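Notes to accompany the following structure.
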Amino acid sequence: MNRFINRFKSTPGFMSFGNKRTKHLLINMEKPYILATTFGLPVGINKCFAPCVEKHFNVIAHETFTPEQTSLAEQVKAIFVWGGAINVDRALMQSLPNLKAVINGGVGVDHLDIPMINSFGVKVCNTPHVVDNATADIGMALMLASARKIIEGHHYSMSHNNQAMPEILMGTDISGATLGIIGLGRIGYKVARRAHGFEMKILYHNRNRRKEEEERAVGATYCAEMEDLLRKSDFVMVVVNLSPATHKLIGAKELALMKPTSTLINISRGLVVDQDALVEALQRKVIHAAALDVTYPEPLPMGHPLAALPNVIILPHMGTHCFGTTQLMVQRMVTNALAVLEGIQPPDEIQM
Ligand SMILES: O=C(O)[C@H](O)CO
């Protein structure tokens, strides 16, 4: 325990401790403890994370925490988790007897076993709404960058090449092209609004529900069959949650239906697309290009065949990764955690 305390003595804002003589912690005993990933994260999230969270909680860094630190473990009331950064498994749950909430930064909770967590009497919350704009923006950015050869253009400029513009920089028009959105939920709808502004034709497919009001607002056409959307779209953007029903939703069969000139954009979860099938489709020019914010695993290992392909853009799952959005996510995490600890219904509890 002492070694653990010393580790944090010089970490401003995390835990400050008394001198050896008093041996008393100078942390605010009123504040509940949370376990959170902190040090491993890029400075951007730490900046957004620290002030807002520390106002209300004492933060125990997951990176240095072990369940054997039982007196500390007993104090943990909530876990703040970003993606799969903390493996919230049964063993961790068993080691935290006073845990009340697992709060996920982001909307996708496919990395959490919610029934198992709930079976410990622990609530799970996420941060919907606040991620919608930034995630839709990254979808548009990927589509535009791929269509208009932004990455290639940058490399060409940096090579100070004076030759005539090479063919590789010849892009595809966005205005007038057809965008097929698979999953017109909150984020999908934000994508549709942006695409409407870019004068695209919009198709969408939802497994569960046609959205007539949204359709009218952006002039979108519903495709009852996903296959119909795949056949007709120049750009296919995947915006569904990962669930057993959407696991490898886009495989060899679906890719074969797409136009040879089309581009697949994935801003949902890597596992919604069969990556081996995608590599093959790109190698055989079944489709023209892919632009991915998400892969499996993340990050992709060095030398992965996807990375070697032309016409592929891969981002490190950065859909929500901007200051304003991250700050809003963190505030929402705090709001949810405080509600659970105060015994009131949190705004974003995920009910199974
Ligand atoms: O799920 C989300 O909201 C984003 O992918 C961030 O994890």
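Atom set for the values below is all heavy atoms of this structure, side chains included, hydrogens, waters and symmetry mates excluded. None of the values given here were measured: they were computed from a predicted structure.
From Ile287, atom CD1 reaches atom CG of Leu282 across 4.5 Å, with rounding to the nearest 0.5 Å. Atom CE of Met318 and atom OG1 of Thr320 lie 10.0 Å apart (nearest 0.5 Å).
With salt bridges taken as basic N to acidic carboxylate O contacts below 4.0 Å, one links Asp137 and Arg194. Ion pair Lys190/Asp132 not flagged as a salt bridge, since none of the NZ, NE, NH1 or NH2 atoms sits closer than 4.0 Å to an Asp/Glu carboxylate oxygen. Ion pairing between Glu215 and Arg210 holds under the 4.0 Å rule for side-chain N and carboxylate O. For Glu280 and Arg284, the salt-bridge test passes: some basic side-chain N is under 4.0 Å from an acidic carboxylate O.
Put simply, the side chain of Thr246 gets close to the backbone of Ser243: a donor and an acceptor are under 3.5 Å apart. Formation of a donor-acceptor pair under 3.5 Å by the Thr127 side chain with backbone atoms of Gly106 is found in this model.
Both Ile79 and Phe65 sit in one connected hydrophobic cluster of ILVMFWY residues. Membership requires side-chain heavy atoms under 4.5 Å apart, directly or through other members.
At a cut-off of 3.5 Å, with distance as the only test, no side-chain donor of His111 or Asn87 sits close to an acceptor on the other residue. Gln331 and Gln327 form no side-chain donor-acceptor contact under 3.5 Å, judged by distance and modelled atom types alone. Looking only at atom types and distance, the side chain of Asp348 has no donor-acceptor partner in the side chain of Asn126 under 3.5 Å away. In this structure, a donor-acceptor pair under 3.5 Å is absent between the side chains of Asp173 and Ser175.
Here the side chains of Met258 and His288 are not in contact, with every heavy-atom distance at 4.5 Å or above. The shortest distance between side-chain heavy atoms of Tyr33 and Lys77 does not fall below 4.5 Å. Side-chain contact check for Ile182 versus Asn206: every heavy-atom pair is 4.5 Å or farther apart.
In this structure, Tyr204 has its ring center no closer than 6.0 Å to that of Tyr189.
Within a 6.0 Å radius of CZ in Arg186, other residues, nucleotides and ligands contribute more than 12 heavy atoms.
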